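Encoded as structure tokens, the structure appears first; notes follow it.
Every value quoted in this text rests on a predicted model; they were computed, and no experiment measured them.
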Amino acid sequence: MALPNTTPADASVVYPDWVRELARRYFTKTVNQFILHGNVRDLVPLVEADQVRYVPLRDFLRDDLFAPRDLVLFYDRSAGLQFARPDMRQDFLRALEGFDHLHGTNYTRQIPRDPVRVFSLLERYFRLRLAEGRRIACVIDYAETIVPMAEGAFSSSEDRDALVFLLKWSHDPLFLKSDFTICLITENLTDLHRQLVQNPYTAAIRIPLPDEAERRRFIETYLGDQTETFRARSEISPAVLAHHTAGLNLVQLRTILADVLENHTRLTFERLSATKKAFIEAEAYGLLEFIETNYNLDMVAGHRQAKALLRAAAEALRQGRYDVLPMGYLVTGPVGTGKTFLITCFAGEIGIPMVHLKNFRSQWQGVTEGNLEKILNLLEAMTPVAVMIDEADAALGHREAEGDSGVSKRVFAQIASFMSNPAHRGRILFFLLTARPDLMPVDLKRQGRAEEHIALFYPDTREERDELLQVMLRRTGIELSLDEVPDVLRNGERSFSGAELEALLTRARFRAAARGLARVTPELLQEVVDDFLPPTYPLEIELQTLVAALECTSRTLLPESLRTMDREAMVARVETLKQLLQMR
């Protein structure tokens, strides 16, 4: 195994950290099977003296890591068995001639491609050559298609047989004492069968996305003597480009650079932002969506204390004071209070990217966990970043969930572990939005995860109602003063949420257009208000209001009526409401 400082020829080569970790585990002589996962479709940087070269992972394994091996084999379902050199293939075919003679097969003419027959042939071949003292490496690509994640009852016979071969090879005494290595390659560790991943004789090695220093080195190496040409066609310097491409791999970065140099495309901040957004959303299978907004917190009506708290967080982010920020926020309140809008406006104020985590669940076995692993790895590479999860009570699973083959439990474990990582404090800022925080597991709401609980409520005073009404009038383009607005919208006899006000005002605009009027008049608005019957769910709204108040971690965020309410009475009323709703 050609590894760091193992031979004089290798002494000057600086390998990535993941290669050093693989070498350390290999030389213990207790592990011969490795799972390479993560950024496996990227280029591998190799530094020798003052020169850096970048090679695909397969070429690195063949020409560097396993260069001294006598036999290097590659296998995947599509290409079948392949060999590093023609003489290695000839050696394998010679061994197959004896097998064909004994068993009446004709594999020398057509080597099989299905895993079970391939592994059966390889086992005999490995034992034969290892007994002769040969050194062997076998690389199995797209391993998730060979031993996919599946519950035992849902695994096919072929999948189970392939799994048994790999488990057996991992602790076979002959294989362990010989210079023998199996490398399985997959993007997502959770796509592989758990029994293989958790096998103590198998080591999982994660290949990370490049950090800023590595991206900058790649840019400088790629540009070389074309640096000035690049600067002339770009308003972004190489150093700034490296800083603003967190979450991209080197192949994607090469695409951006080549577009400038070869296609003479001018690189602007707007173009870079759009390209990065497209790359990352595609890499996350469309399950991450960048939140791009021209709004800021000034656009939010009411919620003064909540806005003050978020503005303080935005200032800490701008100053790089990640250590003083909470691990995450729980944003709750009854429907229509503007939870999503508030955090969207916050996205326009913080100066770091914010992404919306969409529904990553799949009906297919094992896909949900793989989706989530990919997303979390991207988030880790994009830091600092904010993450908004809407309807968090339904999206994030539960430790006690049943009936889905354990998917919700595993999703919950992945999210909970990621959110509580101290290294992520202030760098990956979670916003969990829900109208029913009581349905969320305590493990996600506790201190150390979603530490700050922000509760939003319907406007409680005339001043707050007027402020909300003015914002909604501006947003819907209705030119009326507050004095021209029906008093029922201002006096508090009935609470209108922001969503209800917007629906009412939009209906007024529609009615004006239908009648050929240029604008909404006070009389028309009064007519619409008199006719407007918003859907009412009084018990649900009361329940959502009370559970939000119980979850809130700041007394100043509560309206006066809830601030002075006895909490024991509040808890009792919540239980009564739940029982009433269950009886419907």
Side-chain angles (χ1 to χ4, degrees), residues 37-43 144 186-191 207-212 215 218 236 240-260 263 265 267-295 340-341 343-348 350-364 367-392 394-396 411 414-415 418-419 424 427-433:
H37 65 102
N39 188 33
V40 296
R41 307 300 169 200
D42 202 8
L43 303 175
E144 70 277 5
T186 185
E187 287 192 56
N188 300 321
L189 195 61
T190 49
D191 287 345
I207 303 178
L209 283 162
D211 59 17
E212 182 175 343
R215 294 194 302 273
F218 176 80
I236 305 171
V240 173
L241 177 62
H243 178 72
H244 285 280
T245 47
L248 300 188
N249 62 33
L250 300 182
V251 170
Q252 293 164 335
L253 197 52
R254 182 177 63 187
T255 301
I256 294 173
L257 297 171
D259 194 35
V260 175
N263 298 330
T265 303
L267 185 61
T268 63
F269 278 102
E270 291 76 16
R271 186 173 188 84
L272 175 62
S273 177
T275 303
K276 177 181 174 179
K277 175 177 179 288
F279 275 139
I280 291 181
E281 289 182 354
E283 196 73 18
Y285 315 126
L287 303 176
L288 278 184
E289 180 182 24
F290 279 82
I291 297 175
E292 296 181 348
T293 177
N294 294 322
Y295 298 152
T340 303
F341 184 68
I343 302 307
T344 301
C345 290
F346 178 69
I350 54 178
I352 66 172
M354 176 178 279
V355 294
H356 176 214
L357 180 58
K358 299 164 76 173
N359 183 15
F360 53 83
R361 292 177 179 269
S362 170
Q363 62 178 319
W364 306 112
V367 174
T368 295
E369 297 95 314
N371 287 345
L372 185 55
E373 180 185 348
K374 182 76 170 181
I375 289 166
L376 297 182
N377 286 339
L378 278 170
L379 291 177
E380 204 161 39
M382 289 168 62
T383 59
V385 64
V387 186
M388 181 172 73
I389 305 178
D390 219 341
E391 305 296 339
L396 299 182
V411 164
Q414 282 179 274
I415 287 280
F418 190 84
M419 286 182 65
H424 296 160
R427 298 179 181 276
I428 303 178
L429 207 56
F430 278 90
F431 289 87
L432 312 183
L433 280 56

I need the minimum non-hydrogen distance between [X] and [Y], along with the two atoms involved.
X      : Y      : value
Pro384 : Pro353 : O-CD, 3.6 Å
Glu373 : Glu187 : OE2-O, 4.2 Å
Leu379 : Ile428 : O-CD1, 3.8 Å
Leu250 : Pro210 : CD2-CG, 3.8 Å
Leu432 : Ala392 : CB-CB, 3.8 Å
Ala246 : Thr383 : CB-O, 4.5 Å

Does some side-chain heavy atom of Leu241 sit less than 4.5 Å from a side-chain heavy atom of Leu257? yes

Test item: Phe430 and Leu357 side chains (from C-beta on) under 4.5 Å apart, heavy atoms: no

Once rounded to the nearest 0.5 Å, what's the spacing between atom [atom1] of [X] and atom [atom2] of [Y]?
X      : Y      : atom1 : atom2 : result
His356 : Ile343 : NE2   : CD1   : 12.0 Å
Met382 : Ile280 : CE    : CD1   : 4.0 Å
Ile291 : Thr344 : CD1   : OG1   : 5.0 Å
Leu433 : Phe341 : CG    : CZ    : 13.5 Å
Ile207 : Arg41  : CD1   : CZ    : 9.5 Å
Asp191 : Asn371 : CG    : CG    : 8.0 Å

Go through the steps to decide whether Leu248 and Leu209 satisfy the test side-chain contact (heavy atoms from CB on, under 4.5 Å), and finish with yes or no. CA-CA 7 Å; Leu248 300 188; Leu209 283 162; over 6 Å; no

Please report the C-alpha distance between Val385 and Leu429 in whole Å, then the side-chain angles of each, then the deciding distance to 0.1 Å, and finally whether the side-chain contact (heavy atoms from CB on, under 4.5 Å) criterion is met. CA-CA 6 Å; Val385 64; Leu429 207 56; over 6 Å; no

With under 30° as parallel and over 60° as perpendicular, where do the rings of Phe418 and His424 fit, or are they tilted in between? tilted

Stepwise side-chain contact (heavy atoms from CB on, under 4.5 Å) test for Thr245 and Leu272: CA-CA 8 Å; Thr245 47; Leu272 175 62; 4.0 Å; yes

Quick check on Phe290: does its CZ atom have over 12 non-hydrogen neighbours (other residues, nucleotides or ligands) under 6.0 Å away? yes

Take atom CG in Asn263; do more than 12 heavy atoms of anything else shown fall under 6.0 Å from it? yes

With no hydrogens and no angle check, just 3.5 Å: does a side-chain donor-acceptor pair link Asp390 and Thr340? yes

Could you walk me through whether Lys276 and His244 pass the side-chain contact (heavy atoms from CB on, under 4.5 Å) test, one step at a time? CA-CA 9 Å; Lys276 177 181 174 179; His244 285 280; 5.6 Å; no

Asn249 side chain to Val251 main-chain N or O, any donor-acceptor pair under 3.5 Å? yes

